[in-house]
Amino acid sequence: MTKPAPILFPKDFLWGCATSAYQIEGSPLADGAGPSVWHRFSHTPGRVQDGDTADVTCDHYRRWESDVDLMHSLGLNSYRFSIAWGRVLPEGTGRINAAGLDFYERLVDRLLSRGIQPMVTLFHWDLPAALDDRGGWLNRDIAQWFAEYADVMFRRLDDRVNYWTTLNEPWVVADGGYMHGVLAPGHRNIFEAPRAAHHLMMAHGAAVQAYRATGRNKIGLVVNIEPKYAASQSDADCAATRRAEAYMNRQYLEPALLGSYPEELHEVFGEAWPQWPAADLRLIKQPLDYIGVNYYTRAVVRSDPTSWPLKATTVKQKQHTHMETGWEVYPQGLVDTLLWIKDQYGNPPVYITENGACFFDPPQVEGPVLEDPLRVDYLRKHITAVHTAMQRGADIRGYFAWSLFDNFEWAFGFSKRFGIVHMNYETLKRTLKSSAHFYSKVIASNGAAL
Ligand SMILES: N=[N+]=NCCCCNC(=O)[C@@H]1[C@H]2[C@H](O)[C@@H](O)[C@H](O)[C@@H](CO)[C@@H]12
């Protein structure tokens with residue numbers, strides 16, 4: 001029996017971790033920063049589990065130098081983070097806050113000095129509250145507001161940042177923030193959700209268009225993809241699965257890549273689905289250098305006429321492990337997702353911009369390392385899935401584990417831990433988990449340690 005050939009990734013493959021500003025920085029109002037909708041939302045009683053806020057969280061705003069050194073010690077060759085729009089433009093447009101720009105410039109310079117490539121996300125959900133007061137994602141003008149902010153960042157950092165992302169997961173903002181009201185800004189309105197989604201994508205297009213005027217590097221869009229599998233071959237279950245796939249996975253990819261929306265959205269939104277001007281879709285469909293895919297789990301879907309608005313519901317797969325969020329662990333779903341993108345959208349360059357899991361970590365035991373075997377197994381199987389898809393022709397350029405640290409998990413507060421590094425929120429001590437050591441070995445061996 002010959003040993004299987006060792007898994008090896010390309011020499012220039014990006015190996016990183018991902019975070020976002022509101023989730024790790026803390027000090028949301030320091031040095032002239034303007035509040036975001038998430039600062040407002042987390043300070044609104046009842047919105048976030050246990051009343052948690054990100055006023056401190058990982059205190060990365062003050063500990064960023066040693067945090068970059070920690071990334072370097074793990075052997076990361078890239079790091080995906082986001083800019084807090086309100087630190088740079090406290091009112092969202094107009095006046096620039098120099099201290100905010102300086103923070104991100106210093107962070108980028110330190111990353112580069114440690115041989116770590118920054119991948120910078122311009123919007124990771126923390127919209128300036130001042131813009132929400134002007135309608136936020138419901139105001140068509142936001143496309144220009146976002147392009148203005150993006151241009152400020154391009155002009156300051158494009159000489160050092162090689163990878164830009166406009167938006168992180170527009171689906172979560174539209175679905176959580178406007179359809180179901182469980183995320184900032186907390187609206188529950190089927191007429192608002194498609195408009196917010198559309199204006200998010202117009203903002204994406206306007207920022208890419210602005211980038212092409214001066215930019216010299218790469219820019220893309222990050223979407224969360226959750227592959228949908230019909231619970232049965234019945235017409236009802238197959239139709240429900242198509243609706244779910246259109247609503248979550250195609251509603252953002254297809255205007256960006258094809259300049260059109262899936263037909264199923266008319267059925268999903270009914271009278272709430274507007275007739276968008278063709279010029280809007282032309283703005284959204286800007287040539288991209290890559291697609292970022294955030295993958296966590298899959299969904300097995302059946303028809304459910306009582307479920308709003310999809311008339312579809314997820315069928316729990318009790319035979320598989322689940323995370324603390326209730327998400328099924330299903331590595332094959334990542335292979336299927338990457339091959340679906342390859343086959344449906346012309347094999348665009350893809351980065352896995354987020355992949356990770358939150359399990360109930362064992363209580364912190366004394367000692368240098370926290371054991372988290374379930375997360376090691378999750379990462380091993382999903383990184384192997386990436387390699388499998390690459391061997392079958394998918395053009396994957398990098399992988400970012402979510403997340404570097406345990407951090408503020410939105411409406412879950414601090415109750416969910418996705419980090420490969422444990423965060424003690426009282427002492428702010430960072431402690432490597434065994435998943436950090438595992439990931440470090442995978443990077444050092446370029447995959448052979450899987
Ligand atoms: N049902 N369900 N299925 C899965 C749908 C996942 C949608 N949420 C995400 O992808 C968020 C992404 C976000 O970027 C990050 O800021 C979050 O911390 C992680 C972890 O939550 C993930």
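In each ligand, atom 1 is the first atom listed, and ligand 1 is the first ligand listed. For the numbers below, each heavy atom of this structure counts, side chains included, while hydrogens, waters and symmetry mates do not.
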ring-ring contact (aromatic ring centres under 6.0 Å, His included) partners of Trp125, counting only residues at least two apart: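 ring-ring contact (aromatic ring centres under 6.0 Å, His included) check on Trp125 returns Trp410.
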
For Trp85, all residues meeting ring-ring contact (aromatic ring centres under 6.0 Å, His included), sequence neighbours excluded: Phe146, Tyr149

Worked check of ring-ring contact (aromatic ring centres under 6.0 Å, His included) between Tyr252 and Tyr247: CA-CA 9 Å; Tyr252 303 89; Tyr247 177 68; 8.0 Å; no

Contacts table for ligand 1: protein N or O within a distance under 3.5 Å of ligand N or O, distances only.
residue: ligand 1; atom: 2 (N); partner: Glu226; partner atom: OE1; Å: 3.1
residue: ligand 1; atom: 2 (N); partner: Trp327; partner atom: NE1; Å: 3.4
residue: ligand 1; atom: 3 (N); partner: Glu226; partner atom: OE1; Å: 2.4
residue: ligand 1; atom: 10 (O); partner: Glu169; partner atom: OE1; Å: 3.0
residue: ligand 1; atom: 10 (O); partner: Glu169; partner atom: OE2; Å: 2.8
residue: ligand 1; atom: 14 (O); partner: His124; partner atom: NE2; Å: 3.2
residue: ligand 1; atom: 14 (O); partner: Asn168; partner atom: ND2; Å: 3.0
residue: ligand 1; atom: 14 (O); partner: Glu354; partner atom: OE1; Å: 3.0
residue: ligand 1; atom: 14 (O); partner: Glu354; partner atom: OE2; Å: 2.7
residue: ligand 1; atom: 16 (O); partner: Gln23; partner atom: OE1; Å: 2.7
residue: ligand 1; atom: 16 (O); partner: His124; partner atom: NE2; Å: 2.9
residue: ligand 1; atom: 16 (O); partner: Trp410; partner atom: NE1; Å: 2.9
residue: ligand 1; atom: 18 (O); partner: Gln23; partner atom: NE2; Å: 3.0
residue: ligand 1; atom: 18 (O); partner: Trp402; partner atom: NE1; Å: 3.3
residue: ligand 1; atom: 18 (O); partner: Glu409; partner atom: OE1; Å: 2.7
residue: ligand 1; atom: 21 (O); partner: Glu409; partner atom: OE2; Å: 2.7

Distance under 6.0 Å and angle within 45° of ring axis: Arg80 vs Phe400: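 Geometry flag: not set, cation outside 6.0 Å or 45°.
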
Cationic tip of Arg134 above Trp145 ring, under 6.0 Å, 45° of axis: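 Relative to the ring axis of Trp145, which defines the angle, Arg134 lies inside both limits.
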
Side-chain donor-acceptor pairs under 3.5 Å in residues 305-313, sequence neighbours left out?
residue: Thr306; atom: OG1; partner: Asp304; partner atom: OD1; Å: 2.6
residue: Thr306; atom: OG1; partner: Asp304; partner atom: OD2; Å: 3.3
residue: Ser307; atom: OG; partner: Ala312; partner atom: O; Å: 2.8

